[in-house]
Amino acid sequence: MAVMYKCDVRNPEEWRVLLAAAIPDLDFRVWPDVGNPEEITAALVWEPVPGDLARYPNLGVILSVAAGVDNILSDPDLPDVPVCRIVDEYTGMFMAEYAAYYALRFHRHMYLYDENRRQKLWRKGPRTETQDRHVGVLGLGNVGRAVAAKLAGLGFPVTGWSRSPTVIDGIATASGTDGFAEVVAQSAILVNALPLTDETRHILNAATFARMPKGSFVINMGRGEHLVPADLMASLDSGQVERAALDVFEHEPLPQDDPLWSHPGIEVTPHIAAATNLRTASRQVIENLRRLETGEPFINAVDRARGY
Ligand code: NDP
Ligand code: OXD
């Protein structure tokens with residue numbers, strides 16, 4: 001078995017060491033030095049070059065090193081083999097921390113005090129009770145559930161939105177198009193934890209922002225293409241949206257000349273809401289490499305037709 005590894009944002013040696021500890025004879029090849037393409041039976045990837053995965057005629061599985069698979073499924077020449085992703089409690093935990101940080105920062109208007117401090121201004125800002133600040137969480141998968149639970153634990157009334165009807169203890173839920181309109185209309189803080197699919201692309205747009213209560217907050221930690229940046233900036237300029245935290249962007253790293261960097265209502269982080277925990281994620285990869293050998297069904301396989 002030879003594994004092709006392609007992930008430009010992580011040192012391949014970290015993966016090589018962890019995988020070799022469990023599979024000592026593993027043939028681990030780092031793209032583009034993959035040798036004979038016919039020998040590759042598994043791919044471990046983040047942002048594979050479109051068309052590249054079709055070069056391996058004996059590929060049996062594509063393993064995402066991350067939770068999201070949009071960067072794999074978008075390949076028009078993707079071979080017809082199972083695609084698996086990482087489903088990890090650490091991802092949920094990190095994402096929930098990110099959402100909690102920005103929810104509290106926005107809820108308590110901490111950004112105003114950053115500016116006041118620079119000006120040596122002793123000025124108190126507005127206060128709203130936590131129970132009166134409704135939060136909407138888009139997506140109720142591994143990430144969305146952890147986010148919703150963490151924010152509810154902080155005292156925010158939380159409603160989560162998913163594609164299929166979902167029941168979660170202590171969290172209000174909604175689904176479908178009507179459910180989306182309802183959730184958005186009550187969300188003083190809207191947190192996006194959706195996967196990027198044809199249905200969810202550009203879901204954070206002018207119509208969505210217009211539906212939210214005036215002066216609300218947006219936290220996007222799904223994917224950059226969930227957002228229409230120009231619509232967000234216009235909504236911030238009009239005061240419809242008060243402030244936004246963006247962790248993900250259509251083009252990463254965010255280009256130097258991108259106006260999102262300098263908009264006064266936007267806080268930019270460099271895709272750090274969560275990072276794959278190699279120690280736990282590698283166990284899932286090792287398990288799927290084992291299943292590739294035995295022919296058992298893979299764990300955490302995505303539904304390619306659904307897009308996540
Ligand atoms: P899951 O597949 O576990 O969950 C996806 C959720 O989104 C499900 O609840 C699903 O609904 C819902 N959903 C999908 N499509 C729709 C739709 N059209 N309408 C309504 N709901 C929909 O994914 P994860 O929770 O593991 O991850 C979500 C995303 O978070 C990833 O795809 C990735 O883009 C992003 N991410 C970002 C990170 C970062 O550092 N910024 C780190 C990790 C992930 P249903 O339950 O009905 O299927
Ligand atoms: C992921 C990510 O999808 O880090 O895991 O964005």
Side-chain angles (χ1 to χ4, degrees), residues 7-10 44-48 63-74 83-99 101-102 136-150 158-168 171 173-184 190-204 208 219-227 245-250 252-254 267-278 280-282 284-285 299-308:
C7 169
D8 299 338
V9 295
R10 218 56 201 246
L44 179 60
V45 293
W46 169 259
E47 295 186 340
L63 304 169
S64 169
V65 300
V69 288
D70 49 290
N71 65 95
I72 297 170
L73 299 187
S74 58
V83 176
C84 304
R85 69 192 194 97
I86 301 298
V87 181
D88 196 318
E89 68 177 284
Y90 283 90
T91 309
M93 188 186 80
F94 285 132
M95 295 289 272
E97 284 174 0
Y98 184 92
Y101 171 81
Y102 277 104
V137 177
L138 305 181
L140 285 175
N142 184 47
V143 169
R145 281 170 182 259
V147 168
K150 178 76 93 186
V158 176
T159 304
W161 183 68
S162 55
R163 201 166 76 131
S164 47
T166 305
V167 178
I168 306 176
I171 310 285
T173 56
S175 61
T177 314
D178 292 347
F180 180 75
E182 281 164 31
V183 172
V184 166
L190 188 64
V191 183
N192 177 38
L194 286 165
L196 181 66
T197 67
D198 289 344
E199 285 177 25
T200 64
R201 180 172 284 102
H202 295 159
I203 195 164
L204 302 177
T208 302
I219 301 173
N220 185 23
M221 49 191 202
R223 285 289 181 259
E225 284 174 77
H226 283 131
L227 174 73
L246 306 180
D247 185 55
V248 283
F249 303 89
E250 182 172 356
E252 296 182 3
L254 185 62
E267 305 202 18
V268 168
T269 51
H271 201 143
I272 47 76
T276 300
N277 179 321
L278 260 53
T280 49
S282 62
Q284 299 172 35
V285 168
I299 57 167
N300 303 330
V302 303
D303 179 338
R304 289 181 50 156
R306 208 176 53 168
Y308 68 98

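Whatever order the structure lists ligands and atoms in, that order sets their numbers, starting from 1.
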Next on the checklist: Looking at N192 and N220, would you say the former's side chain and the latter's main chain have a donor-acceptor pair under 3.5 Å?
Outcome noted: no
Item to check | Atom indices of ligand 1 within 4.0 angstrom of H271 heavy atoms, with elements | outcome: 39 (C), 40 (O), 41 (N)
Checklist entry - Tell me the side-chain hydrogen bond (donor to acceptor under 3.5 Å, both in side chains) pairs involving residues 299-308, sequence neighbours left out? => result R163-Y308, Q284-N300
Checklist entry - How does T200 reach ligand 1, by side chain, by backbone, by both or by neither, if only non-hydrogen atoms under 4.0 Å count? => result side chain
Checklist outcome for this item: Residue set satisfying ring pair (Phe, Tyr, Trp, His ring centres under 6.0 Å) with Y102, at least two apart, ordered chain then number -> Y98, F106
Next on the checklist: Test your reading of the structure: does W161 have an N or O sitting under 3.5 Å from an N or O of ligand 1?
Outcome noted: no
Item to check | Proximal atoms of ligand 1 relative to V248 (non-hydrogen, under 4.0 Å) | outcome: 41 (N)
Next on the checklist: If I apply the N/O under 3.5 Å rule, does G141 come out as touching ligand 1?
Outcome noted: yes
Checklist entry - Checking R10 side chain against W46 main chain: does a donor-acceptor pair fall under 3.5 Å? => result no
Next on the checklist: Any atom of ligand 1 sitting under 4.0 Å from a heavy atom of R145?
Outcome noted: no
Next on the checklist: Is any side-chain heavy atom of I72 closer than 4.5 Å to one of P48?
Outcome noted: yes
Checklist entry - Could an N or O of ligand 1 be found under 3.5 Å from any N or O of Y308, whether backbone or side chain? => result yes
Item to check | Beyond-backbone contact of L190 with T208, side-chain heavy atoms, under 4.5 angstrom | outcome: yes
Checklist entry - Among protein heavy atoms, which lies nearest atom 26 (O) of ligand 1, and at what distance? => result R85 NH1, 2.8 Å
Checklist entry - With a 4.0 Å heavy-atom cut-off (strictly under), which part of N142 contacts ligand 1: side chain, backbone, both or neither? => result both
Checklist entry - Would you say the side chain of S64 lies within less than 4.5 Å of the side chain of I86, judging by non-hydrogen atoms? => result no
Item to check | Donor-acceptor contact below 3.5 Å, side chain T173 vs main chain V167 | outcome: no
Item to check | Atoms in ligand 1 with a heavy atom of D247 nearer than 4.0 Å | outcome: 39 (C), 40 (O), 41 (N)
Checklist outcome for this item: The closest protein heavy-atom partner of atom 36 (N) of ligand 1 is M95 CE, 3.6 Å
Next on the checklist: Quick test: of every protein heavy atom, which one is nearest to atom 31 (C) of ligand 1, and how far off is it to 0.1 Å?
Outcome noted: G68 CA, 4.0 Å
Next on the checklist: Regarding ligand 1, does M221 bring an N or O atom to under 3.5 Å of one of the ligand's N or O atoms?
Outcome noted: yes
Checklist entry - Can any side-chain N or O of T276 pair as donor or acceptor with the backbone N or O of L278 at less than 3.5 Å? => result no
Checklist entry - Of the non-hydrogen atoms in A148 and L140, which two are nearest, and what is the gap between them? => result CB-CD2, 4.4 Å
Checklist entry - Judged by atom type as modelled, is there a donor-acceptor pair below 3.5 Å linking the side chain of H271 to the main-chain atoms of R223? => result no
Next on the checklist: Only heavy atoms of L194, strictly under 4.0 Å: list the atoms of ligand 1 that pass.
Outcome noted: 7 (O), 12 (C), 13 (N), 21 (N), 22 (C), 29 (C), 34 (O)
Item to check | Identity and separation of the nearest protein heavy atom to atom 5 (C) of ligand 1 | outcome: P195 CD, 3.6 Å
Checklist entry - Given that the side chain starts at C-beta and the backbone is N, CA, C, O, which of these parts of A193 lies under 4.0 Å from ligand 1, counting heavy atoms, or is it both or neither? => result backbone
Item to check | Nearest-neighbour protein heavy atom for atom 21 (N) of ligand 1, which is reported as residue plus atom name and distance | outcome: R163 N, 2.9 Å
Next on the checklist: Looking only at distances, can you tell me whether any N or O atom of A274, backbone or side chain, sits closer than 3.5 Å to an N or O atom of ligand 1?
Outcome noted: yes
Checklist entry - Looking at side-chain heavy atoms only, is the closest gap between V268 and F249 below 4.5 Å? => result yes
Item to check | Nearest-neighbour protein heavy atom for atom 43 (C) of ligand 1, which is reported as residue plus atom name and distance | outcome: T91 CG2, 3.6 Å
Less than 3.5 Å apart, which donor and acceptor atoms pair up between the side chains of residues 88-97 and the rest of the protein, not counting sequence neighbours?
from: D88; atom 1: OD1; to: Y90; atom 2: N; distance (Å): 2.9
from: D88; atom 1: OD2; to: T280; atom 2: OG1; distance (Å): 2.5
from: Y90; atom 1: OH; to: R279; atom 2: NH2; distance (Å): 3.2

Checklist entry - Is ligand 1 under 4.0 Å from a heavy atom in the side chain of E199, in the backbone, in both, or in neither? => result side chain
Item to check | Within-cut-off N or O pair, L140 and ligand 1, under 3.5 Å | outcome: yes
Checklist entry - Which residue supplies the protein heavy atom nearest to atom 35 (C) of ligand 1, what is that atom called, and how far is it? => result G222 O, 3.7 Å
Checklist entry - Is there a heavy atom in L196 that sits closer than 4.0 Å to ligand 1? => result no
Check: every ligand 2 N/O to protein N/O pair under 3.5 Å:
from: ligand 2; atom 1: 3 (O); to: A67; atom 2: N; distance (Å): 3.4
from: ligand 2; atom 1: 3 (O); to: G68; atom 2: N; distance (Å): 2.8
from: ligand 2; atom 1: 3 (O); to: R223; atom 2: NH2; distance (Å): 2.8
from: ligand 2; atom 1: 5 (O); to: A67; atom 2: N; distance (Å): 2.8
from: ligand 2; atom 1: 6 (O); to: R223; atom 2: NH1; distance (Å): 2.8
from: ligand 2; atom 1: 6 (O); to: R223; atom 2: NH2; distance (Å): 3.3
from: ligand 2; atom 1: 6 (O); to: H271; atom 2: NE2; distance (Å): 2.6

Checklist entry - atom 27 (O) of ligand 1: which protein heavy atom is closest, and how many Å away? => result V143 CG2, 3.7 Å
